[in-house]
Amino acid sequence: MRAVLQRVSEASVAIDGVTVGEIGRGFMVLLGIHEEDRSEDVEYLVRKISMMRVFEDENGKMNCSLQDLATGGQILSISQFTLYADTKKGNRPSFIKAARPEQAIPLYEAFNQGLRDAGLKVAVGQFGADMKVSLINDGPVTIILDTRDK
């Protein structure tokens, strides 16, 4: 699995002009699921993301996780198969390493539930939909996690 985390002061996702998910301070997570990903990858990412210390403490140091925020951690989770684009040949990316929907949807839902079980508020887009994502990147702070680089 690949996750792109962006620390945000707010983020939202709309489908057909209707906002379907929005958060305040927290992470906007773009999640790509590989054809070889399993539940162990979900558990690893949930643990890493929920404990990632990139929010400022009282001294202005990036030392707090989502769970340390007084307002409670919030995540906007967006599935994004294009994170597994293979661009080695030509100019048209191949997405054959991205998991098919029948595999990816249950893992994406397990990821979101795992974050909720960790005590975080999770807003989501819609798997496979054409989504318009808006965010105010805070910092900017952007972190890329890949379960193949554990």
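Both backbone and side-chain heavy atoms feed into the values below; hydrogens, waters and symmetry mates do not. Just so it is clear, the structure is predicted and the values come from calculations on it, not from any experiment. Numbering of residues begins at 1 and proceeds along the displayed sequence.
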Asker: How long is the straight-line distance from CD of Gln6 back to CG of Asp138, given to the nearest 0.5 Å?
Answerer: 11.0 Å
Asker: Which pairs would a plain distance check flag for residues 100-113, meaning a side-chain donor or acceptor within less than 3.5 Å of a matching protein atom at least two apart in sequence or in another chain?
Answerer:
from	atom 1	to	atom 2	distance (Å)
Gln103	NE2	Glu35	O	3.0
Gln103	NE2	Asp37	O	3.1
Tyr108	OH	Ser77	O	2.7
Asn112	OD1	Ser77	OG	2.7
Asn112	ND2	Tyr108	O	3.3
Gln113	NE2	Asp117	OD1	2.8

Asker: Once rounded to the nearest 0.5 Å, what's the spacing between atom CG of Asp16 and atom CE of Met131?
Answerer: 11.5 Å
Asker: Would you sort out whether Val13 and Leu76 count as a side-chain contact (heavy atoms from CB on, under 4.5 Å), showing the intermediate values?
Answerer: CA-CA 8 Å; Val13 59; Leu76 176 60; 3.8 Å; yes
Asker: Tell me, with the steps shown, if Gln67 and Leu120 meet side-chain contact (heavy atoms from CB on, under 4.5 Å).
Answerer: CA-CA 7 Å; Gln67 299 189 0; Leu120 304 172; 4.0 Å; yes
Asker: How far does NZ of Lys121 sit from CG of Leu115, to the nearest 0.5 angstrom?
Answerer: 13.5 Å
Asker: Give the cluster check for Met62 versus Leu5: same hydrophobic cluster or not, with ILVMFWY residues linked at side-chain heavy-atom distances below 4.5 Å.
Answerer: yes
Asker: What closest approach, in Å, do Val141 and Asn137 show between heavy atoms, and which atom pair accounts for it?
Answerer: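 Taking Val141 first and Asn137 second, the nearest heavy atoms are N-OD1, 3.2 Å.
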Asker: Does any non-hydrogen side-chain atom of Thr82 lie less than 4.5 Å from one of Pro93?
Answerer: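 No, every pair of side-chain atoms sits at 4.5 Å or beyond.
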Asker: Under a single-linkage definition using a 4.5 Å side-chain heavy-atom cutoff for Ile, Leu, Val, Met, Phe, Trp and Tyr, are Ile78 and Ile75 assigned to the same hydrophobic cluster?
Answerer: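 No: no chain of side-chain contacts under 4.5 Å links Ile78 to Ile75.
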Asker: Hydrophobic cluster membership, with links at side-chain heavy-atom distances under 4.5 Å among I/L/V/M/F/W/Y: are Leu69 and Leu135 in one?
Answerer: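 Cluster IDs for Leu69 and Leu135 differ.
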Asker: Just jot down the side-chain contact (heavy atoms from CB on, under 4.5 Å) partners of Lys89, sequence neighbours excluded, or say none.
Answerer: none
Asker: Rounded to the nearest 0.5 Å, what separation is found between the CG atom of Asp68 and the CD atom of Glu56?
Answerer: 13.5 Å
Asker: Which residues pass the salt bridge (Lys or Arg N to Asp or Glu O under 4.0 Å) test with Lys150, not counting sequence neighbours?
Answerer: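 Lys150 satisfies salt bridge (Lys or Arg N to Asp or Glu O under 4.0 Å) with Asp41 only.
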Asker: Flag yes if more than 12 heavy atoms outside Arg92 fall under 6.0 Å of its CZ atom; otherwise flag no.
Answerer: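 Open: at most 12 neighbouring heavy atoms sit under 6.0 Å from CZ of Arg92.
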Asker: Determine, using the 4.5 Å side-chain heavy-atom cutoff (strictly less than), whether Val133 and Val4 are members of one ILVMFWY cluster.
Answerer: yes
Asker: Got a donor-acceptor contact below 3.5 angstrom from the Tyr84 side chain to the Arg2 backbone?
Answerer: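 Between the backbone of Arg2 and the side chain of Tyr84 there is a qualifying donor-acceptor contact (under 3.5 Å).
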Asker: Determine yes or no for a side-chain-to-main-chain donor-acceptor pair under 3.5 angstrom, with Asn59 supplying the side chain and Lys61 the backbone.
Answerer: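 No: the side chain of Asn59 does not pair with the backbone of Lys61.
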Asker: Any chance CD1 of Ile144 has more than 12 other-residue heavy atoms, nucleotides or ligands included, within less than 6.0 Å?
Answerer: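 Counting neighbours around CD1 of Ile144, 12 or fewer heavy atoms of other residues, nucleotides or ligands fall under 6.0 Å, so no.
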Asker: May I ask whether Phe55 and Ile143 are part of the same hydrophobic cluster, defined by side-chain heavy atoms of I, L, V, M, F, W, Y residues being less than 4.5 angstrom apart, directly or through others?
Answerer: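 Same cluster.
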Asker: According to salt bridge (Lys or Arg N to Asp or Glu O under 4.0 Å), who are the partners of Asp130, at least two apart in sequence or on a separate chain?
Answerer: Lys132
Asker: As an exercise, state the distance from CD1 of Ile96 to CG of Asp86, rounded to the nearest 0.5 Å.
Answerer: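 So the CD1 of Ile96 and the CG of Asp86 are separated by 7.0 Å.
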Asker: Show the nearest heavy-atom pair for residues Ala14 and Gly17, with the distance to one decimal.
Answerer: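 Smallest heavy-atom distance, with atoms named: CB-C, 4.5 Å.
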Asker: As a quick check of understanding, evaluate side-chain contact (heavy atoms from CB on, under 4.5 Å) for Val42 and Met1, giving each step before the final call.
Answerer: CA-CA 8 Å; Val42 170; Met1 289 182 150; 3.5 Å; yes
Asker: May I have the list of side-chain donor-acceptor pairs in residues 18-33 shorter than 3.5 Å, sequence neighbours left out?
Answerer:
none

Asker: Would you mind reporting whether Ser65 and Met52 have side-chain heavy atoms less than 4.5 Å apart?
Answerer: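 A side-chain contact is absent here, since even the closest heavy-atom pair is not under 4.5 Å.
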Asker: Taking ring-ring contact (aromatic ring centres under 6.0 Å, His included) as the cut-off, I'd like each qualifying pair that reaches into residues 62-82, sequence neighbours left out, listed once.
Answerer: Phe81-Phe95
